[in-house]
Amino acid sequence: MKTIYLDNNATTQVAPEVLEAMTPYFSELYGNPSSMHSFGGQVNKEVRKARERMAALLGASPEEIIFTSCGTESDNAAVRSALSSYPEKKHIVTSRVEHPAIRALCAHLATQGYKITELPVDGEGRLDMEQYRKALTPDTAIVTLMWANNETGVIFPIEKAAEMAKERGILFHTDAVQAVGKIPIDLGKVPIDMLSLSGHKLHAPKGIGVLYVRKGTKFSPFLIGGHQERGRRGGTEATSSIIGLGVAAELAGNKMEYENTVVRGLRDKLEKSILGIVPNTKVNGTRDSRLPNTSNISFEFVEGEGILLMMDEFGICASSGSACTSGSLQPSHVLRAMGVPFTMAHGSIRFSLSIYNTEEEIDFVVEKIPPIINTLRSMSPYWKTGAQLCESA
Ligand code: PLP
């Protein structure tokens, strides 16, 4: 059975060009880039090239790129660096819809005496900018806001938010794990101090990430060890992954227009077709400012897990907006923060496309979804009665 992979916000296929570029660095060119000999030196040259390619995608300078192990490490490193660099400041501003890499970290920091302001979003997933303005205080060590939401694709006005933090002299970090490679980013034009990204979301392998740190930003390393990454992150470089990420960055730059035209078109077709055929469905997240590849659709009175299992029988991969924990289905914190009703939030599915999806695949999904939903609804007492699945969060 063919796999139809519409779960690219979870992880992506390593691009063939990326794999090809990486392969020699496992077996033939396995030198350590820090070595004095030319065997290591040639690897160092390629790592440098990868750094330049990554910097070019972001509109940054190569020295501002720190290679890490993943998006989670980059997020942790950024926030912890701010807290160590400004120990007198005890306040963090973030949002209610961040990825656990920030949310769980902030919850942990709250137990260590830090004050966390989690900004609300509206029903469309948009940030309340007035509340944001009010949240910024002289005690704020860092603002950390995601550029684009992993579940809904909603894009926050990061340029504006960064400017507002800068006006008040507050460090600004963005988790751009879902944004990089999907929308243009030019750090030459936006006063962002730190930015996190993750290789496996843009067709590089898992286990490689980047923390961008603007020149002049105070920085305290998260991993203390060797002199790698100019002393900002100890540990021998993951050379093959870094080289692969460099190729992926270049590829993402070259495919940006394709992503924003063809991939967007496929996503729109999927969304429009499903909403046109299946009653009681709704798209979660504002359509005015959304990643081109993401569609989060709620199917009222069915459970996401049921849809996923039935789609899986046809080889269709997507994600659901609720997680089954200890036998009880909890809608995602993102949909809850948006106030999506339980009957809608339980049946939410995230489709996330990539440059490798085709129109035939989308047509296949559009053909399979309506009977899946009909079957599930025919078994659902709630569909017949219209009763609430759950009454409160
Ligand atoms: N931030 C966002 C918005 C994400 O979507 C993810 C992964 O899904 C992460 C951070 C964590 O990245 P990683 O899996 O590389 O640790």
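We count ligands from 1, going down the list as the structure has it; atoms in each ligand are counted the same way.
Contact between Leu245 and Gly209 at its shortest, heavy atoms only, is CD2-O, 4.4 Å.
Applying the ring-ring contact (aromatic ring centres under 6.0 Å, His included) test to Phe314 and every residue at least two apart in sequence or in another chain returns nothing. Under the ring-ring contact (aromatic ring centres under 6.0 Å, His included) criterion, Tyr356 pairs with His203, sequence neighbours left out.
Counting only residues at least two apart or in different chains, salt bridge (charged side-chain N to carboxylate O under 4.0 Å, His left out) contacts with residues 161-177 are absent.
More than 12 heavy atoms of other residues, nucleotides or ligands shown are found within 6.0 angstrom of NZ on Lys282. Around NZ of Lys269, the count of heavy atoms belonging to other residues, nucleotides or ligands within 6.0 Å exceeds 12.
At a heavy-atom cutoff of 4.0 Å, ligand 1 is surrounded by Cys70, Gly71, Thr72, Asp75, His99, Met146, Asn150, Asp175, Val177, Gln178, Ser198, His200, Lys201.
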